[in-house]
Amino acid sequence: MILPRNRSPWLLALVLALSTGALAQGKSALETPEPMTTDRRIAAALQKVSAERIRANIEKLVSFGTRSTISAQDPASIAAGRGIGAAREWIKSEFERYSKDCGGCLEVKTDTFTEQPADRIPQPTEITNVYAVLKGTDAENAKRIVLVTGHYDSRNSDTFNVKDDAPGANDDGSGTAVSLECARVLSKLTFPATVIFLTVAGEEQGLNGSHHFAKVAKEQGWNIEAVLNNDIVGGDKSAEQDRSIVRVFSEGLPAASAEQEIRRIRGLGGENDSGSRQLARYITDVGRTYDAGVKPMLIFRLDRYLRGGDHSAFNQQGFTAVRFTEFREDFHHQHQNVRTENGIEYGDLSKFVDFDYVARVARLNAATLASLASAPAPPANVHLLTKDLENDSTLTWEASPGGRASGYEILWRATTSPEWEHVQKVGNVLRTTLKLSKDNVIFAVRAVDAQRHGSLPVVPSPER
């Protein structure tokens, strides 16, 4: 065997260990993770994502003047086409139009509640989330949900200012447009699992809409496997922008974990293996499988400094969630009154949005949603046996719920690696032993179906 030159001793040892393990099993068992098998239906659907439709949707959202959560919702304002009420009714009508085009395949719903006065809400305010449900075709797997969201409210320099315009083209007309376009394109397909296309309000007031939606989902026992939050994905046309990249933020230690669970995670070195981190890695895998035209850049932190987003509301309820955001933000074009000062244009206007970029981000979202909704459920109760001192590693798991899995694969990587480095197909079994030391790597198990749609990987818990 040829060893790499100029590498550290630990890496040489790992290469030897992996290779020795493969030889000990009498076969070429180790494979670098390859892209998932391309699903032609999904690939064809991605081609239907339209930058022109995205442009039209963002410009329509901007046309409402302001979409502040505390702006007008009365019938007269809605009829006049100004305020968040008018935006809400338009979004609802778009989802209904998509449903009509697919023969009623979408169930269009609203989630309305009253938010009491708080720091950014001066009086009791009605807030409405608007969403469309593409129900899964398999009775058991339809209980599984994957979700895409963006917030349709906007703000200007003052969160209490509902008089002046707050165009919100990028923040977050772009994310709303992603949810809408994913609904339009994916509603033409069917999936075993359920897909929800969500738009929330109240984000600029304190994530009110997403907090309520996530709390209701938790209370009602929804099985939400993944949440894709798109917020500021407009590819602002600044000179320093990189339109080939979209950032994907994910939490490390799960926000919903109790102290005992956090101690266990720290003891095992699992700070980099939350469900949200697995979703982020899955998005990278999808990006290699389907050429969306934009590459996910994994950022291993919850969000940007001094900022927050709706994905964290889902994290707080224990759901796996990530945030998509453009590579480089221009803060002159966020949370600002529309104006020009000292030659600098301020305000979140449509002319600063790259609609082709938004379309590429929408394709990456749609590919991820479709891949997850097509895949079997993740395996249950995944364990790594730690009863004895030994250098082999034995993993066990229960069958993927829903009966769609045709086999399982073991993934592993060095503890210092951000992405999965190796995969071994083990067939339709519930236990396997590898000639690898559990002390040196991170393992995970995923379920695959006959078409090799893969589930989210599950990192095992130690069993003594």
Side-chain angles (χ1 to χ4, degrees), residues 42-43 45-63 67 94 148-152 154 167-186 197 199 203 228-250 280 283-284 286-299 303-304 307 309-311 322-336 345-371:
I42 296 174
L46 300 185
Q47 297 305 310
K48 293 181 170 59
V49 172
S50 167
E52 283 306 309
R53 285 182 179 270
I54 285 171
R55 175 199 292 269
N57 288 342
I58 291 175
E59 289 180 346
K60 181 65 177 180
L61 289 165
V62 169
S63 75
R67 304 189 306 278
E94 282 298 286
V148 62
T149 186
H151 70 88
Y152 70 93
S154 65
N170 194 354
D171 185 14
D172 187 32
S174 62
T176 302
V178 167
S179 282
L180 287 168
E181 188 66 355
C182 284
R184 186 186 71 83
V185 169
L186 295 184
F197 310 96
T199 63
E203 195 271 353
L228 310 181
N229 175 36
N230 289 266
D231 196 349
I232 311 178
V233 291
D236 185 275
K237 295 178 180 177
S238 60
E240 299 85 357
Q241 187 66 267
D242 187 338
R243 295 177 181 84
S244 69
I245 290 174
V246 61
R247 293 180 290 175
V248 180
F249 291 85
S250 58
I283 293 166
T284 297
V286 169
R288 286 191 289 258
T289 303
Y290 299 96
D291 183 11
V294 65
K295 180 180 179 181
M297 175 182 179
L298 303 190
I299 307 293
D303 212 321
R304 302 101 70 230
R307 307 296 286 275
D310 290 311
H311 61 302
V322 299
R323 173 187 182 133
F324 290 80
T325 298
E326 65 191 19
F327 176 73
R328 192 179 193 277
E329 300 169 71
D330 188 329
F331 302 112
H332 295 141
H333 301 157
Q334 297 175 18
H335 300 184
Q336 295 287 337
E345 286 189 283
Y346 293 85
D348 193 352
L349 299 169
S350 298
K351 68 180 181 178
F352 300 126
V353 174
D354 182 335
F355 303 107
D356 288 324
Y357 177 84
V358 183
R360 293 194 290 273
V361 174
R363 290 187 189 99
L364 182 59
N365 274 260
T368 303
L369 293 167
S371 297

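- Proximity of a side-chain donor or acceptor of R243 to a complementary backbone N or O of D356 within less than 3.5 Å is not detected.
- Here the straight-line distance linking atom OH of Y346 with atom CG of D330 works out to 9.5 Å at 0.5 Å rounding.
- No more than 12 heavy atoms of other residues, nucleotides or ligands sit less than 6.0 Å from atom NZ of K295.
- Among all heavy-atom pairs drawn from Y357 and F327, the shortest one is OH-N, 3.9 Å.
- Looking at every heavy atom in both residues, L186 comes nearest to A366 through CD1-O, 3.8 Å.
- You'll find the side chain of E345 reaches within 4.5 Å of the side chain of F352, heavy atoms only.
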- Task: With side chain to side chain contact (heavy atoms under 4.5 Å, CB included) as the test, would you mind laying out the steps for V178 and V358 before giving the verdict?
- Result: CA-CA 7 Å; V178 167; V358 183; 4.0 Å; yes
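- Distance alone, capped at 3.5 Å, is enough to place a donor-acceptor pair between the T176 side chain and the H151 backbone.
- Side-chain atoms of E326 come within 3.5 Å of backbone atoms of G235 as a donor-acceptor pair (strictly under, hydrogens ignored).
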- Message: Run the salt bridge (Lys or Arg N to Asp or Glu O under 4.0 Å) test on E94 and K60 for me, step by step, so that the C-alpha distance in whole Å, both residues' side-chain angles and the decisive distance to 0.1 Å come before the verdict.
- Response: CA-CA 11 Å; E94 282 298 286; K60 181 65 177 180; over 6 Å; no
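- With hydrogens and angles left out, the side-chain atoms of H335 and D348 include no donor and acceptor closer than 3.5 Å.
- By the 4.5 Å heavy-atom criterion applied to side chains, R323 and R307 are not counted as neighbours.
- Atom-to-atom distance recorded for F197:CZ and N365:CG is 10.5 Å, nearest 0.5 angstrom.
- Within the 4.5 Å cutoff, the side chain of R184 has heavy atoms near those of the S50 side chain.
- For R55, the salt bridge (charged side-chain N to carboxylate O under 4.0 Å, His left out) criterion is met by E52, E59, not counting sequence neighbours.
- Considering OG1 of T325 and CD1 of I245, their distance stands at 13.5 Å, rounded to 0.5 Å.
- Remark: the backbone N or O of L61 is paired with a side-chain donor or acceptor of R67 at under 3.5 angstrom.
- Summarising the geometry of S179 relative to T199, their closest heavy-atom pair is CB-CG2, 4.2 Å, with the distance given to 0.1 Å.
- Under the 4.0 Å criterion applied to side-chain N and carboxylate O atoms, E329 and R247 are assigned as salt-bridge partners.
- Residue V322 is tested with N229, I283, N230 for a side-chain contact (heavy atoms from CB on, under 4.5 Å); the sole match is I283.
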- Message: Checking S250 against L298 for the side chain to side chain contact (heavy atoms under 4.5 Å, CB included) test, could you report, in this order, the C-alpha distance in whole Å, the side-chain angles of both residues, the deciding distance, and whether it holds?
- Response: CA-CA 8 Å; S250 58; L298 303 190; over 6 Å; no
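- Distance alone, capped at 3.5 Å, is enough to place a donor-acceptor pair between the N170 side chain and the G234 backbone.
- Here the CD1 atom belonging to I232 is positioned 7.0 Å from the CG atom belonging to D172, to the nearest 0.5 angstrom.
- In this structure, E181 contributes its side chain and R53 its backbone to no donor-acceptor pair below 3.5 Å.
- Taking all atoms of both residues into account, the shortest heavy-atom contact from A169 to V353 is CB-CG2, 3.9 Å.
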- Please lay out, stage by stage, how T368 and Y290 fare under the test side chain to side chain contact (heavy atoms under 4.5 Å, CB included). CA-CA 9 Å; T368 303; Y290 299 96; over 6 Å; no
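- Residues A362 and C182 approach most closely at O-SG, 3.7 Å, considering heavy atoms.
- Atoms CZ and CZ, on F249 and R304 in that order, are 6.0 Å from each other to the nearest 0.5 Å.
- Atom CE of residue M297 and atom CG of residue D242 lie 9.0 Å apart, to the nearest 0.5 angstrom.
- Between the side chain of D303 and the backbone N or O of G309 there is at least one donor-acceptor pair closer than 3.5 Å.
- Heavy atoms only, all atoms of each residue included: G173 and I58 are closest at O-CG1, 3.7 Å.
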- Message: Run the side chain to side chain contact (heavy atoms under 4.5 Å, CB included) test on D231 and E203 for me, step by step, so that the C-alpha distance in whole Å, both residues' side-chain angles and the decisive distance to 0.1 Å come before the verdict.
- Response: CA-CA 10 Å; D231 196 349; E203 195 271 353; 3.4 Å; yes
